[in-house]
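Notes follow once the structure below has been shown.
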There are 2 protein chains.
Amino acid sequence: MNDGTQQGEPKRRGRRAGGEDTKAALLAAARAAFVERGYEGATVRSIAARAGVDAAMVNHWFGGKEGLFAKAVLQVPIDPNTLVERLLDGPPEEMGERMVRSFLGVWDATGGGHFAAMVRSVTAQERVAEVLREFFVQTLLRRVLATVGADRQELRATLAATQIFGMGMVRYVVRFEPLASADVETMVKAVAPNLQRYLTGDIG
Amino acid sequence: MNDGTQQGEPKRRGRRAGGEDTKAALLAAARAAFVERGYEGATVRSIAARAGVDAAMVNHWFGGKEGLFAKAVLQVPIDPNTLVERLLDGPPEEMGERMVRSFLGVWDATGGGHFAAMVRSVTAQERVAEVLREFFVQTLLRRVLATVGADRQELRATLAATQIFGMGMVRYVVRFEPLASADVETMVKAVAPNLQRYLTGDIG
DNA sequence: ACCTTTTTTCAACGCGTGATGAAATAGTCA
DNA sequence: TGACTATTTCATCACGCGTTGAAAAAAGGT
């Protein structure tokens, strides 16, 4: 039972001892690396090294860098249905508050890494924007707005997206203080009313 | 738009005939390239080719890729003082409206390219965030808020930044419709009140 | 005219990238 | 056990990157 994974030693070839999941290790390392350095900045070699694995494994398991990126970053960090349920669970006039809490909850959990990775990837991978739109507007906001029954749902959805994206940008990407370190309650009090107006208020 | 870059002839060496400003050509090409492909995606060679010039000129005139980037993208597309003046010119309760108009005016002028380039560069160039913060919060929002005389200026400034950044993100980077194509009046009616609340309203 | 300076192109360098195929090792099944 | 397969490392590939130094061509000064 030698589970201690020492790495000072010259690596032995061949199949690993047991239990160690290279695929999962690569995914974790990739997530962190893409978050920190962006798509082009995070090299296959650096990711592999971080996972304690040879770079060739990326090709073997994910068919290349792009495949790894797709699996590691391009997927939503929470089940959409769960999120929608949570948003709809309560009075419509508090929807904005629930939204702020939900998104901050999801994003703060990874220190904003997941959000930052997505934004940073819009450069390299054109379809990131597509995925973002699909998730944000179609899967999420429109379903929420549909049950609230507001008018001009597309416009409201994209307006709400500006507030949510903006919150993420300032908090996780450019990190402006004091907002970047503000606690959730402060954020809720400040942002929720504006979000609420986009969702159900008078938008002109 | 496109500088005459056609050249069937084999290029002759040496100093150019006359008048052609390679420096300016490089800057223009760089601006476009960085906007389209981000910092790492826009290669020195591609920029030079676009400008109809040898890649070595980048080093000669700007000391390298980073220098070119700094000159081409990292500078504000409008004089800050002018912008601040424009924002302060009018009643405080319409500040949000003037802000929306001003930023949309500046950014729409380049099709959102400048904004997109900045955001895309936050990955590669850490100091882009620094420049953004310096300009947005210190140079701009705080000066505006100082004359309005609001409380908790730092928080208000960063909150306003969320709305402005979010507007830029949705309109220029991820391009969610219908907001991406919405006319200025629609944007003003929708966004200005929320911005106004951040600036002078009750933020909890 | 000559010499000097500035601008430009060219050829090449060193490096790091993502990818590949073969060899080596560990597990699995008869 | 021995054959077979899955997994992993290694050595290496071709390519594109940013950068460099020298040579060539134009301009300017005397």
Side-chain angles (χ1 to χ4, degrees), chain A residues 1-3 5-27 29-30 33-34 37-73 121 123-125, chain B residues 3-5 7-27 29-30 33-34 37-73 121 123-125:
Chain A
M1 299 297 193
N2 194 2
D3 284 335
T5 311
Q6 309 263 9
Q7 277 190 351
E9 297 303 311
K11 294 193 182 174
R12 297 224 316 278
R13 287 186 166 185
R15 195 165 179 169
R16 286 208 161 175
E20 313 193 36
D21 194 347
T22 7
K23 227 167 142 184
L26 271 175
L27 278 175
F34 282 130
R37 327 211 24 97
Y39 181 79
E40 351 217 28
T43 69
V44 170
R45 285 171 161 86
S46 74
I47 295 172
R50 195 171 194 147
V53 167
D54 191 89
M57 300 315 294
V58 170
N59 274 276
H60 188 256
W61 287 111
F62 301 95
K65 185 183 187 179
E66 204 172 322
L68 176 57
F69 180 82
K71 291 283 186 202
V73 176
S121 311
T123 320
Q125 306 278 328
Chain B
D3 354 288
T5 316
Q7 271 170 352
E9 297 303 312
K11 295 192 181 176
R12 298 223 314 281
R13 287 188 164 185
R15 194 166 179 166
R16 286 207 162 173
E20 312 194 39
D21 195 352
T22 18
K23 225 167 143 185
L26 271 174
L27 277 174
F34 282 129
R37 328 214 18 103
Y39 181 78
E40 350 217 28
T43 70
V44 169
R45 286 171 159 89
S46 74
I47 294 172
R50 195 170 193 150
V53 167
D54 190 271
M57 301 314 293
V58 170
N59 274 277
H60 188 255
W61 288 111
F62 301 95
K65 184 183 188 178
E66 204 172 321
L68 176 58
F69 179 82
K71 291 282 185 201
V73 176
S121 310
T123 319
Q125 306 279 326

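Values reported hereafter were calculated over all heavy atoms of this structure, with side chains retained and with hydrogens, waters and symmetry mates removed. So you know, we letter chains A, B, ... as the sequences are listed, proteins then strands, and number each from 1.
Nearest to the side-chain atoms of A:Met57 among the listed nucleotides C:dG18, D:dT7, C:dT8 stands D:dT7. Comparing C:dG18, C:dT8, D:dT20 by their closest approach to the side chain of B:Asn59 singles out D:dT20. In the set C:dA19, C:dA12, D:dC10, the nucleotide with an atom closest to the side chain of B:Arg45 is C:dA12. The side chain of A:Ala56 approaches C:dG21 more closely than any other nucleotide in the set D:dG18, C:dG21, D:dT7. For B:His60, the listed nucleotide lying nearest its side chain is C:dT8; candidates were D:dG18, C:dT8, C:dT9.
We find that CD of A:Glu40 is positioned 13 Å from C1' of D:dG16, with the value rounded to whole Å. Counting to the nearest Å, the C1' atom of C:dA12 and the CG atom of B:Asp54 are 13 Å from each other. The CG-C1' distance, from B:Asp21 to C:dT8, rounds to 14 Å in whole Å. B:Lys65 places its NZ atom 17 Å from the C1' atom of D:dT20, with the value rounded to the nearest Å. When rounded to the nearest whole Å, the span between CZ of A:Phe62 and P of C:dG18 equals 15 Å. One can place NZ of B:Lys23 at 13 Å from C1' of C:dT6, the figure rounded to the nearest angstrom.
Contact check, B:Thr43 against D:dG16: no side-chain N or O comes under 4.0 Å of OP1 or OP2. Of the side-chain N and O atoms in A:Trp61, one or more sit less than 4.0 angstrom from OP1 or OP2 of D:dT8.
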